[in-house]
Amino acid sequence: MRIAVLQFAHETVTFLPFDTTEEDFRYPGSPASGEALLATDPKGYMGGFVQVAREYDGVELVGIESPLWPKTGTGSGWITNEAFETFVGRQIEELKAQGPFDGAYLALHGAMGVRGVPRPEAEIATRVRTVLGPKARIAATFDPHGNEDEEFLRQADFAFAVKYFPHYDMHLQGERAARMLVRAIRGDYAPATVTRRLPILTPTVLQWTGASPWADLIQRALVWEAREPDLFVNVYFGFPWSDVPDAGMTFQVTSNGKPDLAERVAEDMARWAWRRRAMSSATLRDARPGDAVDVAIGGRVDPSAGEPVRITGEILLVGGATTARAKGKGQDWIAIRFGAGNVVVLSPFLVQIMEPMEVWSLGLDPADYDVIAIKSRVHFRRGFDDSGFAPTILLVEPDEPFLGTVRLDALPYENLKATDYYPYGGPADPFAV
Ligand SMILES: [Zn+2]
């Protein structure tokens, strides 16, 4: 099994005044080829790929001459068309000269910006595909800041993107690329992929995966991968500093011959991200009393929760969580004043208020409010109802069918039909003789 190994990676800040030239990619050690290329970046993508590929007998890796990262590092502007054509041109010539190959591994980044080439990574894959032919398998690794649309996986079979920011799992994604490439070449894996783009562009400073919403987004991808063997979910946060047509958030899902599953998971990931697009926890994290806020709240967990609601007002106070389970998490509750004397208290985690004191101890005064709205099922009754606190309690239903309320016929039952039950249908009288 002969596998060509190529690299061409850059995170291009196209707004910088100076282009990245061919000379920027030329320095001692770069370009690299053969074993020197395979030995670069042992803790990164290349290291992971080479390590696992060499666990298999009969696999030959051929390092094709490749430029390493330019000496300008990550902060440099448009790659000139000349530089791109020079290096990719040489790679293609070498592929032709050294072939045939059963497959290729492309160590890419995804946020490369090249003058005159709108989708450089897809362009590289297209040219490699042309040389290797339709039967060859092509796998690539990506940075989560890649800007990719559908075009890449039209040409390549696999993409494996790092999930964490900071980028902790580069070696792991290289390992996966090797394993799946070998399996696909052997006919043990038939990649069926779906790419889904979302028109979301986010500043990278907010993309820390240690906090919500990015932590939750990645967790969802990890859960899908845990639930479904041979399923891979890529989350591209996108790189907004690259002025390219496919900039922004993209999901890629790869399954072993299950296009329907890939479609379902891609849809789930995309919808999840879209619902939480307005979540501004990163902004509210540093909230101070008196700050003006314009934020969309709610609608985060499930489509049945409806669309987020926009609140414009000011931060009234920031206080520590008071409930026992919430305490000690180091996460603050934030009260926002808006409209005519309204206050909404936001919690960064799911919580059901049980005692009025949990609200008042934040610094709010019960005398200031006529109505208190609580998201709860029954738990609130302990302190608000059984205690005699609230003279009147109204149960309010959202417009959308919502898990936990009374519209059970909206639930996706598979083993029963809601219409077989009262009050959702007209079941036969079980006591009829
Ligand atoms: Zn990155």
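By convention here, the first residue in the shown sequence is residue 1. Only heavy atoms go into these numbers, but all of them, side chains included; no hydrogens, no water, no symmetry mates.
At distances below 3.5 Å, at least one donor-acceptor pair connects side-chain atoms of E94 with backbone N or O atoms of E65. Side-chain atoms of N342 never come within 3.5 Å of backbone atoms of G339 as a donor-acceptor pair (strictly under, hydrogens ignored). Listed for the Q252 side chain is no donor-acceptor partner under 3.5 Å among the backbone atoms of R196. A distance-only check finds no donor-acceptor pair linking the side chain of Y236 to the backbone of R197 [under 3.5 Å]. No side-chain donor-acceptor contact under 3.5 Å links T14 to the backbone of G77. Here the side chain of N256 pairs a donor or acceptor atom with the backbone of A190 at under 3.5 angstrom. Side chain of D157 to backbone of I138: a donor-acceptor contact under 3.5 angstrom is found. For S30 (side chain) and Y27 (main-chain N/O), no donor-acceptor pair under 3.5 Å exists by modelled atom type.
Contact of the I218 side chain with the L222 side chain is registered, since non-hydrogen atoms from C-beta on lie closer than 4.5 Å. In this structure, L346 and I336 have side chains that are in contact, with non-hydrogen atoms separated by less than 4.5 Å. Taking 4.5 Å as the limit, some side-chain heavy atom of D268 sits within range of a side-chain heavy atom of W224. Residues V114 and W78 have side chains not in contact (no heavy-atom distance under 4.5 Å, counting atoms from C-beta outward). Between T209 and K163 the shortest side-chain heavy-atom distance does not fall below 4.5 Å. Residues W333 and V318 form no side-chain contact, since every pair of their non-hydrogen atoms from C-beta on lies 4.5 Å or further apart. Residues T202 and W214 are in side-chain contact: their nearest non-hydrogen atoms beyond the backbone lie under 4.5 Å apart. With a 4.5 Å cut-off on side-chain heavy atoms, D291 and E314 do not count as touching.
Ring orientation note: the planes of F25 and F87 are nearly perpendicular, at an angle over 60° on the 30°/60° scale. Between F237 and F165, the two ring planes are tilted [angle within 30° to 60°].
The distance from atom CZ of R119 to atom OG1 of T126, rounded to the nearest 0.5 Å, is 10.5 Å. Rounded to the nearest 0.5 Å, atoms CD1 (I64) and CG (L37) are 9.0 Å apart. Atom NZ in K135 sits 12.5 Å away from atom CZ in R129 (nearest 0.5 Å). One distance of note links CZ of F15 with OG of S242; it measures 7.5 Å at 0.5 Å rounding. A distance of 15.0 Å separates CG in L132 from CZ in R127, rounded to the nearest 0.5 Å. Of the inter-residue distances, the one linking Y105 atom OH with L38 atom CG reads 10.5 Å to the nearest 0.5 angstrom.
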ring-ring contact (aromatic ring centres under 6.0 Å, His included) assessment of F160 paired with F232
CA-CA 8 Å; F160 296 90; F232 300 95; 5.1 Å; yes
Before giving the answer on ring-ring contact (aromatic ring centres under 6.0 Å, His included), spell out for F142 and Y45 the whole-Å C-alpha distance, their side-chain angles and the decisive distance to 0.1 Å.
CA-CA 9 Å; F142 283 91; Y45 303 101; 8.9 Å; no
Please step through side-chain contact (heavy atoms from CB on, under 4.5 Å) for the pair V62 and F101, ending with a clear verdict.
CA-CA 9 Å; V62 180; F101 291 102; 3.7 Å; yes
Kindly indicate, with the supporting measurements, whether the criterion salt bridge (charged side-chain N to carboxylate O under 4.0 Å, His left out) is fulfilled by D230 and K258.
CA-CA 10 Å; D230 280 350; K258 295 179 178 172; over 6 Å; no
Please report the C-alpha distance between R137 and D102 in whole Å, then the side-chain angles of each, then the deciding distance to 0.1 Å, and finally whether the salt bridge (charged side-chain N to carboxylate O under 4.0 Å, His left out) criterion is met.
CA-CA 7 Å; R137 296 300 191 176; D102 301 293; over 6 Å; no
Determine, stepwise, if the pair S212 / D216 fulfils side-chain hydrogen bond (donor to acceptor under 3.5 Å, both in side chains).
CA-CA 6 Å; S212 184; D216 307 325; 2.6 Å; yes
Are T195 and T250 close enough, and set up right, to give a side-chain contact (heavy atoms from CB on, under 4.5 Å), and what steps lead you there?
CA-CA 7 Å; T195 301; T250 293; 3.6 Å; yes
Criterion salt bridge (charged side-chain N to carboxylate O under 4.0 Å, His left out) on R90 and E93, from CA distance to verdict:
CA-CA 5 Å; R90 289 177 66 99; E93 288 311 308; over 6 Å; no
In sequence, state the C-alpha distance, the side-chain angles, and the governing distance for K375 and F380, and then conclude on side-chain contact (heavy atoms from CB on, under 4.5 Å).
CA-CA 9 Å; K375 255 170 91 174; F380 72 96; over 6 Å; no
Please report the C-alpha distance between T193 and V253 in whole Å, then the side-chain angles of each, then the deciding distance to 0.1 Å, and finally whether the side-chain contact (heavy atoms from CB on, under 4.5 Å) criterion is met.
CA-CA 5 Å; T193 61; V253 180; over 6 Å; no
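In this structure, A273 and L198 approach most closely via the heavy-atom pair CB-CD1, 3.7 Å. Residue V233 comes nearest to A221 through the heavy atom pair CG1-CB, 3.7 Å, listed as atom of the first residue, atom of the second, then distance. Residue P70 comes nearest to S76 through the heavy atom pair CG-OG, 4.5 Å, listed as atom of the first residue, atom of the second, then distance. In terms of heavy-atom proximity, G116 sits nearest to P118 at O-CD, 3.7 Å. Contact detail for A296 and P308: the closest heavy-atom pair is CB-CB, 3.8 Å. Between F152 and A140, the closest heavy-atom pair is CZ-CB, 3.5 Å.
Residues S66 and Q91 have side chains that bring a donor and an acceptor to within less than 3.5 angstrom of each other. No side-chain donor-acceptor contact under 3.5 Å links H109 and E121.
The side chain to side chain donor-acceptor pair (under 3.5 Å) check on W69 picks up nothing, with sequence neighbours excluded. With sequence neighbours excluded, the residues satisfying salt bridge (Lys or Arg N to Asp or Glu O under 4.0 Å) with E60 are R2.
For OH of Y164, the number of neighbouring non-hydrogen atoms (other residues, nucleotides, ligands) closer than 6.0 Å is 12 at most.
Using a 4.0 Å cut-off between a side-chain N of Lys or Arg and a carboxylate O of Asp or Glu, E225 and R176 qualify as a salt bridge. Between R154 and E151 there is a salt bridge, since a side-chain N of the basic residue sits under 4.0 Å from a carboxylate O of the acidic one. Looking at R264 and E267, no side-chain N of the basic residue comes within less than 4.0 Å of a carboxylate O on the acidic one, giving no salt bridge.
Taking the ring centre of W274 as origin, the terminal cationic atom of R271 falls outside the region bounded by 6.0 Å and 45° from the ring axis.
Judged as a salt bridge (Lys or Arg N to Asp or Glu O under 4.0 Å), the pairs with a partner in residues 11-23 (not counting sequence neighbours) are, in order, D19-R115, E22-R26.
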